[in-house]
Undergrad: 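Starting off with a structure, shown below.
Per chain, numbering begins at 1; letters A, B, ... match sequence-line order.
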Amino acid sequence: MIDIALLRDNPQVVRASQIARGEDPAIVDAVLAADTSRRSALGDFEAARAQQKSLGREVAQAKGEEREVLLARTKQLADQVKSFQAKAGAAGEELDSLLSQIQNIVEGAPPGGEDDFVVVRHVGTPRDFAAEGFEPRDHLALGEGLRAIDTARGAKVSGSRFYYLTGVGARLELALLNAAVDQAVAAGFVPVITPTLVKPEIMAGTGFLGRHADEIYHLGTDDLYLVGTSEVALAGYHSGEIVDLSEGPLRYAGWSACYRREAGSHGKDVRGIIRVHQFHKVEMFSYSRLEDADAEHQRLLAWEEDMLAKAELPYRVIDTAAGDLGSSAARKFDCEAWLPTQQRYLELTSTSNCTTYQARRLGVRERVAGGQTRPVATLNGTLATTRWIVAILENHQQADGSVRVPVGLRPYLGGLEVLEPVS
RNA sequence: GGAGACGUCGCAUAGUCCGGUCUAGUGCGCCACCCUGCUAAGGUGGUGACCCCGUAAGGGGUCCGAGGGUUCAAAUCCCUCCGUCUCCGCCA
């Protein structure tokens, strides 16, 4: 939810943001009109209600005939109040519905669509497998050789885009996630294991039930949603609360399974575990003051890069274009690791600054000097996911099909230095 | 799954049976000021959220777990739901 006051005072800012995202700017005028009619309806209701209350007090005092006369008047008024209230309610809903369609105001993101990202920097150098004298295997071939990844049985049991991680595969995932949690804790994050089923209002509050609602699993019997990231549960954690940010941002590191329907991605990344329905993720989540949000965003990005350094992966950082931002994000940076067998970069982390968009919907506020409250900013960023296994296997593979374990992960694998194929 | 109790403005609690004087009382906490050479104690006042009108001062409205209903009028009566607790059953 964007700030209606911003829209009233600076409608051109909102229009510009909509245009940058490739969305319809005309909705701004629809909101302004709905706002006007809601205010007028609310005024009618409140005036009538005030009259009803004061008459009610007179009724309580009055006796006999005087009371009868008053009762007749109040009965009439009651109908009027009811009808005004209904009108005001409807006008309010109309406004909310329009306002909630407006996505967060873009801040600093490059204009354009998915392909218009700006590369911020490259870190590390992709290996030259030709010079090393062998053809790199892809992550699934490597994973099968290591008896680490089993997509055939995943499909047998659960369908396409499901998999088993076995042996060193399972251990490697745990190693990654544990390394991520340890790093987060060292940086002051509170580690959290979150619910993965959430109520509709929480899912809607984080902005995931808009355009891409068909990406999300829904349990109809219980009207609960399976989260696609622990961001959802962590954003909901302080919903409806007034939080204290006087000591700096509140930082949580969520550990959870993540579920995605991957509707509309048929035929894309079908091999292996690049794009799957279920995976694990450690996610950083910060509640910060709005004026600290940019700095916090940069910190989240830096922590992501620390993890990538532990995994010893070559990657680039991109500044996502406005048209490719999620509805909640004002700005987003992705870190993409080099994938040798596909000669392309693969997203491993994503950090978004959602400014006050989610907090406004979820009612997360802070108290400021003077006793006033205002919405906080929320930010999130990836520390590790199952997908990282793809990049680690491919980038650290050796000619014999074994895989060198990055030094930073060895403590989490009992000191193991090389993953050896099972013959 | 069954039975029962409970949910009030930071915390604790009154009010609910019997609807209007609740414009929600009180204690604690907190804030400001006063007093006291410091501290403690004491005194006075204040003390929530959200929305609308207004430059402001100020005025008005909504909120007693949530949502409906009855009524001229609901914290109070009725219904549904949610949550917490206790007991029983069942399952890990």
Side-chain angles (χ1 to χ4, degrees), chain A residues 1-10 31-100 102 193-205 218-225 233 236-247 250 287 289-290 356-376:
Chain A
M1 192 78 75
I2 65 158
D3 186 359
I4 180 98
L6 170 74
L7 189 142
R8 277 186 205 129
D9 299 341
N10 294 297
V31 168
L32 287 171
D35 185 38
T36 304
S37 40
R38 183 195 69 120
R39 283 202 245 183
S40 130
L42 198 57
D44 290 344
F45 162 67
E46 289 181 353
R49 180 73 175 142
Q51 201 188 349
Q52 183 185 37
K53 285 174 79 167
S54 78
L55 273 178
R57 255 167 264 141
E58 289 180 44
V59 170
Q61 307 289 333
K63 302 239 159 41
E65 197 173 322
E66 191 194 351
R67 186 186 171 97
E68 293 306 312
V69 173
L70 278 172
L71 275 182
R73 277 175 63 196
T74 51
K75 272 180 190 167
Q76 230 178 13
L77 190 57
D79 288 339
Q80 213 180 6
V81 168
K82 241 173 211 161
S83 120
F84 280 148
Q85 183 170 30
K87 278 183 198 157
E93 277 174 33
E94 169 74 6
L95 175 64
D96 277 351
S97 141
L98 285 168
L99 195 60
S100 68
I102 297 183
I193 294 176
T194 70
T196 52
L197 290 171
V198 299
K199 296 179 180 181
E201 63 265 31
I202 300 297
M203 190 56 89
H218 178 236
L219 302 185
T221 311
D222 300 288
D223 197 17
L224 289 170
Y225 290 91
Y237 188 64
H238 285 304
S239 60
E241 298 181 13
I242 296 172
V243 297
D244 182 4
L245 300 179
S246 60
E247 310 275 305
L250 296 178
Y287 294 89
R289 290 186 167 154
L290 182 60
T356 59
Y357 188 84
Q358 291 178 330
R360 209 177 288 281
R361 293 178 159 217
L362 289 166
V364 188
R365 292 166 296 160
E366 64 167 325
R367 201 171 293 285
V368 291
Q372 302 298 103
T373 66
R374 60 166 194 179
V376 304

Undergrad: Work out how far the P atom of B/C90 is from that of B/G1, and round it to whole angstrom.
TA: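 Straight-line distance between the two P atoms is 15 Å.
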Undergrad: Mind calculating the distance between CD (A/E366) and P (B/A49) to the nearest angstrom?
TA: 14 Å
Undergrad: Are A/E366 and A/T373 close enough that some pair of their side-chain heavy atoms sits under 4.5 Å apart?
TA: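 SC-SC contact between A/E366 and A/T373 ruled out.
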Undergrad: How far does the C1' atom of B/A3 sit from the matching atom of B/C64, given to the nearest Å?
TA: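 The same atom, C1', in both gives a distance of 28 Å.
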Undergrad: Quick one: A/K87 NZ to B/C52 C1', roughly how many Å, whole number?
TA: 18 Å
Undergrad: Minimum heavy-atom separation for A/A359 and A/P375, please, with both atom names.
TA: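 In this case the closest contact between A/A359 and A/P375 is CB-CB, 4.4 Å.
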Undergrad: Could you measure between the two C1' atoms, the one in B/A73 and the one in B/G20, and give it in whole Å?
TA: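 Nearest-Å result for B/A73 against B/G20 at atom C1': 7 Å.
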Undergrad: Could I get the full list of side-chain contact (heavy atoms from CB on, under 4.5 Å) partners for A/D96, not counting sequence neighbours?
TA: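 Once residues adjacent in sequence are excluded, A/D96 has no partner under the side-chain contact (heavy atoms from CB on, under 4.5 Å) criterion.
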Undergrad: Please state the C1' separation for the pair B/C63 and B/A24 - nearest whole angstrom.
TA: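 After rounding to an integer number of Å, I get 12 Å for this pair.
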Undergrad: A/E93 has an atom CD; how far is it from atom P of B/C51, in whole Å?
TA: 18 Å
Undergrad: Using Watson-Crick or G-U wobble geometry with both distances under 3.5 Å, which nucleotide pairs with B/U62?
TA: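 Its partner is B/A49 (Watson-Crick or G-U wobble, both distances under 3.5 Å).
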Undergrad: Applying a 3.5 Å limit to both distances, which nucleotide forms a Watson-Crick or G-U wobble pair with B/A56?
TA: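 The answer is none; no pair meets the criterion.
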Undergrad: Select from A/Q52 and A/R8 the residue whose nearest nucleotide in RNA chain B is closer to the 5' end of that strand.
TA: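 Comparing both residues, the 5'-ward one is A/R8.
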Undergrad: Determine the interatomic distance between P on B/A75 and the same-named atom on B/C82; round to the nearest Å.
TA: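 The answer is 24 Å between these two P atoms.
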Undergrad: Could you list the residues that satisfy side-chain contact (heavy atoms from CB on, under 4.5 Å) with A/L7, not counting sequence neighbours?
TA: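 Per chain and number, A/L7 pairs via side-chain contact (heavy atoms from CB on, under 4.5 Å) with A/I2, A/V14, A/V28, A/V31, A/L32, A/L99, A/I102.
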Undergrad: Hey, could you give me each pair passing side-chain hydrogen bond (donor to acceptor under 3.5 Å, both in side chains) that has a residue in residues 72-87 of chain A? Not counting sequence neighbours.
TA: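 For residues 72-87 of chain A, and leaving out neighbouring residues, there are no side-chain hydrogen bond (donor to acceptor under 3.5 Å, both in side chains) pairs at all.
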Undergrad: Any side-chain hydrogen bond (donor to acceptor under 3.5 Å, both in side chains) involving residues 236-245 of chain A? Give me the pairs, sequence neighbours left out, ordered by first then second residue.
TA: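 Residue pairs passing side-chain hydrogen bond (donor to acceptor under 3.5 Å, both in side chains), neighbours aside: A/H238-A/E241, A/H238-A/Y252, A/D244-A/S246.
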Undergrad: Quick one: look up who B/G83 pairs with, Watson-Crick or G-U, both distances under 3.5 Å, and put none if it's unpaired.
TA: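 Looking at the geometry, B/G83 pairs with B/C6.
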Undergrad: Measure from CG on A/L99 to P on B/C51 and round the result to the nearest Å.
TA: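 After rounding, the reported distance stands at 13 Å.
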Undergrad: Within less than 4.0 Å of OP1 or OP2 of B/C53, is there a side-chain N or O belonging to A/R38?
TA: no
Undergrad: Nearest whole angstrom, please: distance from the C1' of B/G83 to the CD of A/E201.
TA: 13 Å
Undergrad: Quick one: salt bridge (charged side-chain N to carboxylate O under 4.0 Å, His left out) pairs with a partner in residues 40-49 of chain A, sequence neighbours left out?
TA: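 Output for this query is empty, none listed.
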Undergrad: Please determine if a side-chain N or O atom of A/R367 lies less than 4.0 Å away from the OP1 or OP2 oxygen of B/G48.
TA: no
Undergrad: Go through the structure and list residues passing side-chain contact (heavy atoms from CB on, under 4.5 Å) with A/R39, not counting sequence neighbours.
TA: A/R8, A/D35
Undergrad: I'd like a list of close polar pairs between nucleotides 59-64 of chain B and the protein, N/O only, cut-off under 3.5 Å.
TA:
| from | atom 1 | to | atom 2 | distance (Å) |
| --- | --- | --- | --- | --- |
| B/G60 | N2 | A/E46 | OE1 | 3.0 |
| B/G60 | N2 | A/E46 | OE2 | 3.2 |
| B/U62 | OP1 | A/R49 | NE | 2.3 |
| B/U62 | OP1 | A/R49 | NH2 | 3.2 |
| B/U62 | OP2 | A/K53 | NZ | 2.8 |

Undergrad: Just how far, in rounded Å, is P of B/C50 from CZ of A/R360?
TA: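 Interatomic distance, CZ of A/R360 to P of B/C50: 12 Å.
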Undergrad: Students often get this wrong, so: under 4.0 angstrom with heavy atoms, is A/R73 touching a base, only sugar-phosphate, or nothing?
TA: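 Counting heavy atoms under 4.0 Å across all strands, no contact is made by A/R73.
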Undergrad: Which residues in residues 75-84 of chain A have a heavy atom closer than 4.0 Å to any atom of RNA chain B?
TA: A/K75, A/A78
Undergrad: Looking at every heavy atom in both A/Y225 and A/M203, which two are closest together, and how far apart are they?
TA: CB-CE, 3.6 Å
Undergrad: Does the structure show a Watson-Crick or G-U wobble partner for B/A12, both distances under 3.5 Å? Name it, or say none.
TA: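 Paired with B/A12, as far as the under-3.5 Å criterion goes, is B/U26.
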Undergrad: Please report, rounded to the nearest Å, how far the P atom of B/C82 is from the CG atom of A/D222.
TA: 11 Å
Undergrad: Round to a whole Å and report the spacing from CD1 of A/I242 to P of B/G48.
TA: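 Distance, rounded to whole Å: 11 Å.
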Undergrad: Given the P atoms of B/U16 and B/C77, what is the spacing between them in whole Å?
TA: 9 Å
Undergrad: Using purine N1 to pyrimidine N3 plus N6-O4 or O6-N4 for Watson-Crick, or N1-O2 and O6-N3 for G-U wobble, both under 3.5 Å, which nucleotide pairs with B/U36?
TA: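 Pairing partner: none.
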Undergrad: Pick the C1' atom in B/C81 and in B/U21, then give their distance to the nearest Å.
TA: 34 Å
Undergrad: Starting at the 5' end of RNA chain B, which residue's closest nucleotide do you reach first, A/L55 or A/R374?
TA: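 Going by which nucleotide is closer to the 5' end, it is A/L55.
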Undergrad: Reckon A/G43 touches a base, only the sugar-phosphate, or nothing at all at heavy-atom distances under 4.0 Å?
TA: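 The answer is nothing, as A/G43 stays clear of every strand by at least 4.0 Å.
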Undergrad: In the structure shown, which nucleotide is the Watson-Crick or G-U wobble counterpart of B/U21, with both distances under 3.5 Å?
TA: none
Undergrad: Across all strands shown, which nucleotide pairs with B/G1 by Watson-Crick or G-U wobble geometry, both distances under 3.5 Å?
TA: B/C88
Undergrad: Not counting sequence neighbours, which residues clear salt bridge (charged side-chain N to carboxylate O under 4.0 Å, His left out) with A/E94? List them please.
TA: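 Once residues adjacent in sequence are excluded, A/E94 has no partner under the salt bridge (charged side-chain N to carboxylate O under 4.0 Å, His left out) criterion.
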Undergrad: Does the side chain of A/L197 reach to within under 4.5 Å of the side chain of A/D222, using non-hydrogen atoms?
TA: no
Undergrad: Taking atom C1' in both B/C30 and B/C38, what distance in whole Å separates the two?
TA: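 The answer is 23 Å between these two C1' atoms.
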Undergrad: Treating A/R361 as the side-chain partner and A/A204 as the backbone partner, does any N or O pair qualify as donor plus acceptor under 3.5 Å?
TA: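 Yes: the side chain of A/R361 pairs with the backbone of A/A204.
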